[in-house]
Number of protein chains: 2
Amino acid sequence: MSRLSSVSSATRTPRPNAGTKGVARPEREAQIVEAGCRLFGERGYIGTSVADVAESAGISKPLIYNYFGSKDGLHVACVQHASGVLVSEIERTAASGTIGFARAAVTLDGMFRLLEPRPWLWRVVFDATAPREGEAQAWLAEHERRIIDFGREGVAELMHLSGNHDDLDIDAMRAAWESIFRSLVNWWLDHPGDSPEEMTQRCLRIFTTVFGELDLAGTALG
Amino acid sequence: MSRLSSVSSATRTPRPNAGTKGVARPEREAQIVEAGCRLFGERGYIGTSVADVAESAGISKPLIYNYFGSKDGLHVACVQHASGVLVSEIERTAASGTIGFARAAVTLDGMFRLLEPRPWLWRVVFDATAPREGEAQAWLAEHERRIIDFGREGVAELMHLSGNHDDLDIDAMRAAWESIFRSLVNWWLDHPGDSPEEMTQRCLRIFTTVFGELDLAGTALG
DNA sequence: AGGCTATATGACTCTTGAGTAAGTTAACCC
DNA sequence: GGGTTAACTTACTCAAGAGTCATATAGCCT
């Protein structure tokens, strides 16, 4: 009985693309996460299907489920990657020793330079379409808190300098500062004409206009 | 041949809830829009199904399609309603004759008072999960532009006073101001402890901390 | 009472996208 | 060269939700 024209019910499905391609799991995972970051960042969580990511990474959907378990699992891996990159940059500038508005400017400057080659990373983390519930996002909340804490630290410095010690005031101001930060980055992403340097200078002009002359001693800006 | 046990293929489906309930179309449309605003605002466009809205309004799904044509049509009606309410409030305070930070404070104060009884209206308009494409949203962009223009106007006043006339600087600052506005409103919606009056006072304290003493002459604040 | 129309709905279809069952293929080892 | 394992795939199931069809009911008019 020929295997190819078997009469038994065990039909054989040829899979010309199956079999290892010499790419080990960790490397393949990294490729998938990279493709996922780009798509999640550019189209949002909702606008991105697992099949899209698979195609973009050049592999098939079940491989993603083998490696990440679910769409949420893939998303968490992408958010971890992206926010790890962003947080370490924020940590770096937070440790630069600047304070007040100078610290704000240095942080923005670092972020613009970091994002220039891969702007989509930003919106992987700040994705308005990502599910707010979903226990998988509990992890995200933790990482987000690290970012928030840096913001709170900087804002608290500034407000203490001015004599305001009300914790709720500080928290509301922190929310405002974060949104300023985000909106300036978003504005820049939507206006590709500015280089990172130009955008930093623009921010400095705006700060100066609103707050008066800034003290940028100890920074490489200005 | 009994109608109830007909042998012919024309089976009869009883519909105990069909038939008019004495509610004319315009009134019913308003009820549906009200329910839609609440759900779209609280769960977002994506998190809300047409069936949810129908159930919440106490009617059935096809009636929504009769009256609004599609989910997008319903959404547009809800956004029109909500943004109409918000824009007229912004127009009112914009016409109050204040300028600079005082205008900002008056606008925030009016918005807090407006939103207190129905806070979800805000997130109907600023819904991160609403489809950005979809030609139906072209209309939304127009209404959104009216809000943006008010912001630009206020920001331009402030920046001209300080001698900055760069249009792109003004636009970036407008983006920042809008996000400050939104983040303060959002912070308030997430901290139900504050009454509108208290939140306005909080904003004034924050502004004072950051910008120094404010000139609130001609406002009912302070 | 009988017909007309606006109001209203129960029960479908169809598409999309998450997730899975059941395998197939290539490389490596002995 | 046969067995083992990791890498990889084809072809499916299943659920949710947008949108539709055909029809039913109530009130009004004459």
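Letters A, B, ... mirror the listed sequences (proteins, then strands); counts begin at 1.
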Pairwise N/O distances under 3.5 Å, protein to nucleotides 6-12 of chain C:
{"from": "C:dT7", "atom 1": "OP1", "to": "B:Arg25", "atom 2": "N", "distance (Å)": "3.1"}
{"from": "C:dA8", "atom 1": "OP1", "to": "B:Arg28", "atom 2": "NH2", "distance (Å)": "2.9"}
{"from": "C:dA8", "atom 1": "O3'", "to": "B:Lys21", "atom 2": "NZ", "distance (Å)": "3.1"}
{"from": "C:dT9", "atom 1": "OP1", "to": "B:Lys21", "atom 2": "NZ", "distance (Å)": "3.0"}
{"from": "C:dT9", "atom 1": "OP2", "to": "B:Ser60", "atom 2": "N", "distance (Å)": "2.8"}
{"from": "C:dT9", "atom 1": "OP2", "to": "B:Ser60", "atom 2": "OG", "distance (Å)": "2.7"}
{"from": "C:dT9", "atom 1": "O5'", "to": "B:Ser60", "atom 2": "OG", "distance (Å)": "3.3"}
{"from": "C:dT9", "atom 1": "O2", "to": "B:Arg15", "atom 2": "NH1", "distance (Å)": "3.1"}
{"from": "C:dG10", "atom 1": "OP1", "to": "B:Asn17", "atom 2": "ND2", "distance (Å)": "3.3"}
{"from": "C:dG10", "atom 1": "O4'", "to": "B:Arg15", "atom 2": "NH1", "distance (Å)": "3.3"}
{"from": "C:dG10", "atom 1": "N3", "to": "B:Arg15", "atom 2": "NH1", "distance (Å)": "3.2"}

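Partners of B:Ser60 according to the side-chain hydrogen bond (donor to acceptor under 3.5 Å, both in side chains) rule, which considers only residues two or more places apart in sequence or in another chain, do not exist here. With sequence neighbours left out, the salt bridge (charged side-chain N to carboxylate O under 4.0 Å, His left out) criterion links B:Glu89 to B:Arg92. For A:Arg103, the side-chain hydrogen bond (donor to acceptor under 3.5 Å, both in side chains) test picks out A:Glu153, A:Glu157, with sequence neighbours left out. A search for side-chain hydrogen bond (donor to acceptor under 3.5 Å, both in side chains) contacts involving A:Thr93 returns nothing, not counting sequence neighbours. With sequence neighbours left out, A:Arg113 forms a salt bridge (charged side-chain N to carboxylate O under 4.0 Å, His left out) with A:Asp109, A:Glu197. Considering only residues two or more places apart in sequence or on other chains, B:Glu34 meets the salt bridge (charged side-chain N to carboxylate O under 4.0 Å, His left out) condition with none of them. Evaluation of the side-chain hydrogen bond (donor to acceptor under 3.5 Å, both in side chains) rule for B:Glu29 yields B:Arg25 as partners, not counting sequence neighbours.
The two residues A:Tyr45 and A:Phe40 come nearest to each other via the heavy atoms CA-CD2, 3.7 Å.
When rounded to the nearest whole Å, the span between CG of B:Asp72 and P of D:dG17 equals 17 Å. The distance between atom OH of A:Tyr65 and atom P of C:dG17, rounded to the nearest whole Å, is 12 Å. The NZ-C1' distance, from A:Lys71 to D:dA15, rounds to 15 Å in whole Å. A straight line from CZ of A:Phe68 to P of C:dA18 spans 15 Å, rounded to a whole angstrom.
Residue pairs meeting the salt bridge (charged side-chain N to carboxylate O under 4.0 Å, His left out) criterion with at least one member in residues 175-191 of chain A, sequence neighbours excluded, are A:Arg123-A:Asp190, A:Arg174-A:Glu178, A:Glu178-A:Arg182. For the salt bridge (charged side-chain N to carboxylate O under 4.0 Å, His left out) condition, the pairs that include at least one residue of residues 39-51 of chain B, sequence neighbours left out, are B:Arg38-B:Glu42, B:Arg43-B:Asp52.
Taking five base pairs at each end of the helix from C:dA1-D:dT30 to C:dC30-D:dG1, the local helix axes there meet at an angle of 10°, rounded to 10°.
A heavy-atom distance below 4.0 Å to DNA chain C is reached by none of the residues of residues 36-49 of chain B.
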